[in-house]
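Atom set for the values below is all heavy atoms of this structure, side chains included, hydrogens, waters and symmetry mates excluded. We name chains A, B, ... by the order of the sequence lines, and we start the count at 1 in each one.
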Amino acid sequence: MPKPIRTRFAPSPTGALHCGTVRTALFAWLLARHSDGQFLLRIEDTDQKREVEGGTENIKETLRWLGLEWDEGPDVGGPHDPYIQSQRLDIYKHHAQQLYDKGLAYADPYSVEELEALRKQAMAAKRPFLYRDHRPENPPAWDGSQPLRIKLDTKSYNWNDAIMGTIEMGPEMVDDYIIMKADGFPTYNFCHIIDDHLMGISHVLRSQEFIASIPKFLATHEALGWETPINAIAPPVLGETGGTKLSKRLGAKPVLWYRDQGYLPEALINFMVSLGWNDGTEQEIFTVEELIEKFSLDRVQRSGARFDEQRLVWMNGAHIRALDLDDLYSRVQSYWPESASAFDDDYKRQVLSLVQERLKFFAELPDLTSFFYEDLPLNPELISGHKQLKKLEHAELRGLLEQGRERLMESDFSIQDLTERLNNLLETTGQKPAILFSLIRIATTQAPASPGLAETLSVLGKERSLSRIESQLDAFET
RNA sequence: GGCCUCAUCGUCUAACGGUUAGGACACCGGGUUUUCAUCCCGGCAAUCGGAGUUCGAUUCUCCGUGAGGUCACCA
């Protein structure tokens, strides 16, 4: 009988989550959902020095926004409660004590400075530092105030990684390491193994920087007498400019920044998963449901992928276009320009339907729509900088615009009627659309870009359209 | 420096050892009665180098090279 699939995301509350970290969480979540397993959230707060205010809250908020719900963890509880490591200290201490009692762990008599000196020495000699070369012969009794080190066998390991395949590492990768710090807290290396075991985690997904530590983890399982879970190393997410890993230091934006800019969570998920995974077909846009259905570890890439924001922007636009108007409307509510508040839902919905296909992220909404809600100041550069209109005299432009005004005055401003009259105007003036429509468009919007002319005028309405044409006409007088 | 991982268009990637090396983003051109966008059509653009195995290597092996990771009382 196969073991149930249980995966986890185990971040430290050390700052806002960015896409690099969350991509690995996403893989773990998809694996669990794909196989009808469970996904757990565990907070690894064993380093009080690095913990930042609100860190845990940010983690939960990020996951919730993305829809990566956890089946067990903070807030929701579960059979292995608590899921916050600082509340599980006695568990780690218990296992540490057992190792100590069996002679598999010993107190470390060195000071931080002494260790540092030994380490420098090794580096200077261009050799890896191995603590076991300095293993004390008669270590002092452990009273909890000294760091406790696990005593590990010196041997090679090879194992099968669910993503990377077979990996082999020599004995120099296994060394005695600290499992309990002098402050009474366990180290990550030790306590995450205990938790993963106790919580029944079947697949441990870690990002690539942990690969060199896996022999240590394997050795620790042996010392504890535990079976090892399936390991899976996810490839790194690289920064925009390539080279190094995406990180806070390199200016990686918090995931919630994308939320605030008006990115869709499903688009960000689609994008993040595409950084290192594909389904083998040419499909690029996936719904979350499709990803759950199709995801598998054996199609995860081994090489790193750059975070290309341009591609994310495109993908977000594609997801926005796929939304139905009501859904989109309810999502953009907080992004409208100030001036939109004077307008009713029906009007705003019409505006939205006109800009849906050109919206890349919601923060663009004011730039794209403000002229629907307020009279923008006349912008002469729109005409003086227009490649066709700039060639005409103001008198000519005024003449054309006056004809336009006459024709529009007769219209009921339905899209159909406007289209007919506008086409008719093309004939009677003998003008190209590039001139006539541009002129009317600029006069009525004062914006560098807008949706189709008839649609725009129809939404704007007769009164506002004509009064804006008057203003433009006045400008031509002078 | 030891150890480990990785290596296809600028970017994300596809390709049972047999393809004119495919798609997408970006960029450039054209079309869809103006602009921006959408959509459609077209263009540019890649197997890191060298050996070997093979009738045939992007694919397998080895050696280089390059990039990244790791060698914490951080995770």
Students often get this wrong, so: under 4.0 angstrom with heavy atoms, is A:Phe185 touching a base, only sugar-phosphate, or nothing?
nothing

Report the base-pairing partner of B:G49 (Watson-Crick or G-U wobble, both distances below 3.5 angstrom), or none.
B:C63

Using whole Å, report how far CG of A:Leu115 lies from C1' of B:A72.
9 Å

Comparing nearest nucleotides in RNA chain B, the 5'-proximal residue of the pair A:Thr281, A:Thr187 is A:Thr281

Any idea which of B:U34, B:A75, B:G22 is nearest the A:Asn189 side chain?
B:A75

Would you mind reading off the distance between A:Leu354 atom CG and B:U38 atom P, rounded to a whole angstrom?
16 Å

When all nucleic acid strands are considered with a 4.0 Å heavy-atom cut-off, which category describes A:Pro147: base, sugar-phosphate, or nothing?
base

If you check the A:Ala434 side chain, which of B:C4, B:U34, B:C71 turns out closest?
B:U34

As a test of reading the structure: which of B:A75, B:G68, B:G23 is closest to the side chain of A:Gln208, going by heavy atoms?
B:G68

Side chain of A:Arg321 (C-beta onward), nearest among B:U34, B:U13, B:U38
B:U38

Mapping A:Asp308 and A:Ser303 to their closest nucleotides on RNA chain B, which lands nearer the 5' end?
A:Ser303

Can you figure out which of B:U5, B:U34, B:A26 approaches the side chain of A:Ile167 most closely?
B:U5

Would you say B:U33 has OP1 or OP2 under 4.0 Å from some side-chain N or O of A:Lys432?
no

Looking at A:Val174 and A:Pro215, what are the two nearest heavy atoms and their distance?
CG2-CB, 3.7 Å

Length of the line joining A:Leu312:CG and B:C12:P, which is rounded to integer Å
15 Å

Nucleotide nearest A:Phe437 (side chain, heavy atoms from C-beta), chosen from B:U34, B:C3, B:U11
B:U34

Can you figure out which of B:U35, B:C4, B:G2 approaches the side chain of A:Glu172 most closely?
B:G2

Does A:Glu209 get its side chain close enough to the base of B:G68, under 3.5 Å, for a donor-acceptor pair?
no

B:C74 phosphate, OP1 or OP2: any side-chain N/O from A:Thr46 under 4.0 angstrom?
no

Closest to the side chain of A:Trp314, out of B:A24, B:U34, B:C73, is B:A24

B:C16 pairs with which nucleotide, Watson-Crick or G-U wobble, both distances below 3.5 Å?
none

Can you tell me the base-pairing partner of B:G42? Count Watson-Crick or G-U wobble geometry only, both distances below 3.5 Å, and say none if there is no partner.
B:C28

Rounded to the nearest 0.5 Å, what separation is found between the CZ atom of A:Phe476 and the OG atom of A:Ser471?
11.5 Å

Given B:G69, B:C25, B:A72, the nucleotide with the shortest approach to the side chain of A:Arg119:
B:A72

Whole angstrom is fine here: how far is it from NZ in A:Lys126 over to P in B:G1?
6 Å

Of the listed B:C73, B:G2, B:C6, the closest approach to the A:Arg302 side chain comes from B:C6

Tell whether A:Arg358 reaches the base of B:U38 with its side chain through a donor-acceptor pair below 3.5 angstrom.
no

Tell me the interatomic distance from A:Lys360, atom NZ, to B:C25, atom P, rounded to whole angstroms.
10 Å

Aromatic ring centroids of A:Phe190 and A:Tyr177 under 6.0 Å?
no

If I take atom NZ in residue A:Lys216 and atom P in nucleotide B:C3, what distance separates them, rounded to the nearest angstrom?
18 Å

Gap in Å between the two P atoms, one belonging to B:G10 and one to B:G69, rounded
23 Å

Taking the ring centre of each residue, are A:Phe210 and A:Tyr188 less than 6.0 Å apart?
yes

Which base, if any, makes a Watson-Crick or G-U wobble pair with B:G68, both distances under 3.5 Å?
B:C4

Does A:Arg119 count as lying over the ring of A:Phe129, i.e. NZ or CZ under 6.0 Å from the six-ring centre, within 45 degrees of the axis?
yes

Using the ring of each side chain (for Trp, its six-membered ring), is A:Tyr258 parallel, tilted or perpendicular to A:Phe307, with breaks at 30° and 60°?
tilted

Does the cation-pi check pass for A:Arg349 over A:Tyr329, that is, NZ or CZ under 6.0 Å from the six-membered ring centre and within 45° of its axis?
yes

Taking B:C48 as the reference, what is the distance to B:C73 when you measure between their P atoms (whole Å, please)?
40 Å

To the nearest angstrom, how far is A:Glu168 atom CD from B:U5 atom C1'?
14 Å

When all nucleic acid strands are considered with a 4.0 Å heavy-atom cut-off, which category describes A:Gln388: base, sugar-phosphate, or nothing?
nothing

Write down the distance between NZ (A:Lys387) and C1' (B:U35), rounded to a whole number of angstrom.
8 Å

Indicate, with a heavy-atom threshold strictly under 4.0 Å, whether A:Arg206 touches base, sugar-phosphate, or nothing.
nothing

